[in-house]
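Written below as structure tokens is the structure these notes are about.
Any value given below was found using the heavy atoms of this structure, including those in side chains, with hydrogens, waters and symmetry copies removed. This one's a predicted model, so the numbers in the text were calculated from it and none came from an experiment.
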Amino acid sequence: DGNVFFLIYPCIFSGMISMSLIAYEEKEKWNIYAETLPYNRAQLVSSKYVVSLFIGLLTVLAMSTVQAGMMLYKHEFDFFTILNFITILLPVSLLPTAILLPFVYKFGAEKGRIIYYIVIGIFCGSMGFLGGMRNYTLSFTLNPYLDIIGFLVAVFVFGVSWLFSVRFYQNREI
């Protein structure tokens, strides 16, 4: 029926991978052990962002493939719609990580997890609301240029978040 909530939902949860890694590392005291390795804190933070980016890209690829398959099945395939879909899904997979990892590196995994659940709850609730609205279609915007601008803004926010996380973690006592 044009409801794409369940295509977006996995993209939201792809950001949980880095959050889970950090929580396990803190629980098992890996972050203390990591201080003895020949890696600096910026590299340790960067590894979580690279994992998040990689998992996000895989999720976007999987969801785009599902959407393309559905479009082919209905004989409605349009390459530009798939590109539009990707420019929407990638920010959806990057923004939770970009918003939450700086809090995790500033306050720790447990306090960061609370913020994570609040942000995800708000996002999922708003997406569920939008998905339940009548005449809601695959195209989230009327202008594909707005999707591209949103994509670029999300990439910029992801990069700034990465820099803030590095700075927060370098100044944090372990």
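- Counting heavy atoms from C-beta on, the side chains of M71 and T81 come closer than 4.5 Å.
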- Just do the side-chain contact (heavy atoms from CB on, under 4.5 Å) check on Y105 and K48 with the steps written out, would you? CA-CA 11 Å; Y105 281 113; K48 301 307 181 289; 3.0 Å; yes
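- In terms of heavy-atom proximity, L94 sits nearest to L53 at CD2-CD1, 3.6 Å.
- For the pair N171 and R167, the minimum side-chain heavy-atom distance is below 4.5 Å.
- Rounding to the nearest 0.5 Å gives a distance of 9.5 Å between CD1 of I82 and CG of L89.
- Shown here is F151, whose CZ atom has no more than 12 heavy atoms of other residues, nucleotides or ligands within 6.0 Å.
- The distance from atom SG of C11 to atom CG of L95, rounded to the nearest 0.5 Å, is 11.5 Å.
- Heavy atoms only, all atoms of each residue included: S165 and L101 are closest at OG-C, 3.5 Å.
- The minimum heavy-atom distance linking M63 with P10 is given by the pair SD-CG, 3.7 Å.
- Across all their heavy atoms, P96 and P91 have their closest contact at CD-O, 4.4 Å.
- Side-chain heavy atoms closer than 4.5 Å link hydrophobic residues (I, L, V, M, F, W, Y) into clusters, and following such links, even through other members, never connects Y24 to L37.
- Shown here for A98 and F158, the closest heavy-atom pair between the two residues is CB-CA, 3.7 Å.
- In this structure, V51 belongs to a hydrophobic cluster whose other members, linked by side-chain heavy atoms under 4.5 Å apart, are I17, L21, F54, I55, L58.
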- Audit row: S161, I99, side-chain contact (heavy atoms from CB on, under 4.5 Å) steps and yes/no: CA-CA 7 Å; S161 168; I99 292 168; over 6 Å; no
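- Considering NZ of K106 and CD1 of I115, their distance stands at 11.5 Å, rounded to 0.5 Å.
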- Task: Apply the test salt bridge (charged side-chain N to carboxylate O under 4.0 Å, His left out) to residues E110 and K27: give CA-CA distance (whole Å), side-chain angles for both, the deciding distance (0.1 Å), then the verdict.
- Result: CA-CA 10 Å; E110 291 306 313; K27 181 181 176 189; over 6 Å; no
Under 3.5 Å, sequence neighbours excluded: what are the donor-acceptor pairs made by side chains of residues 39-46?
| unit_1 | atom_1 | unit_2 | atom_2 | d |
| --- | --- | --- | --- | --- |
| N40 | OD1 | A42 | N | 3.1 |
| N40 | OD1 | Q43 | N | 2.8 |
| R41 | NE | E35 | OE2 | 2.9 |
| R41 | NH1 | Y169 | O | 2.7 |
| R41 | NH1 | R172 | O | 2.6 |
| R41 | NH2 | E35 | OE2 | 3.4 |
| Q43 | OE1 | N40 | N | 3.0 |
| S46 | OG | A42 | O | 2.8 |
| S46 | OG | W162 | NE1 | 2.9 |

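- Of the listed residues (V160, V155, V153), just one forms a side-chain contact (heavy atoms from CB on, under 4.5 Å) with V157, and that residue is V153.
- Here the side chains of T59 and S93 are not in contact, with every heavy-atom distance at 4.5 Å or above.
- Between the side chains of T97 and Y49, no donor N or O sits under 3.5 Å from an acceptor N or O.
- Within the 3.5 Å criterion, the main-chain N or O of L61 finds no donor-acceptor partner in the side chain of S64.
- Tracing side-chain contacts under 4.5 Å through hydrophobic residues (I, L, V, M, F, W, Y), one never reaches F85 starting from Y73; they form parts of separate clusters.
- Both L57 and I148 are part of a single hydrophobic cluster, where members link through side-chain heavy atoms under 4.5 Å apart.
- Criterion: ILVMFWY side-chain heavy atoms under 4.5 Å apart, direct or through other members. Under it, V66 and L90 are part of a common hydrophobic cluster.
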- Message: Is there a side-chain contact (heavy atoms from CB on, under 4.5 Å) between I118 and I114? Walk through the geometry before answering.
- Response: CA-CA 6 Å; I118 291 169; I114 293 167; 4.1 Å; yes
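- Here the CD atom belonging to E25 is positioned 11.5 Å from the CD1 atom belonging to I32, to the nearest 0.5 angstrom.
- Under the 4.5 Å side-chain criterion, counting only non-hydrogen atoms from C-beta, M70 is in contact with K74.
- In F13, the CZ atom is crowded: over 12 heavy atoms of neighbouring residues, nucleotides or ligands sit closer than 6.0 Å.
- The CG atom of D78 lies 9.0 Å from the CG atom of L83; values are rounded to the nearest 0.5 Å.
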- Chi angles and distances behind the side-chain contact (heavy atoms from CB on, under 4.5 Å) call for I22, N31: CA-CA 9 Å; I22 294 167; N31 50 352; over 6 Å; no
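- The neighbour count for F103 CZ, taken as heavy atoms of other residues, nucleotides or ligands under 6.0 Å away, does not exceed 12.
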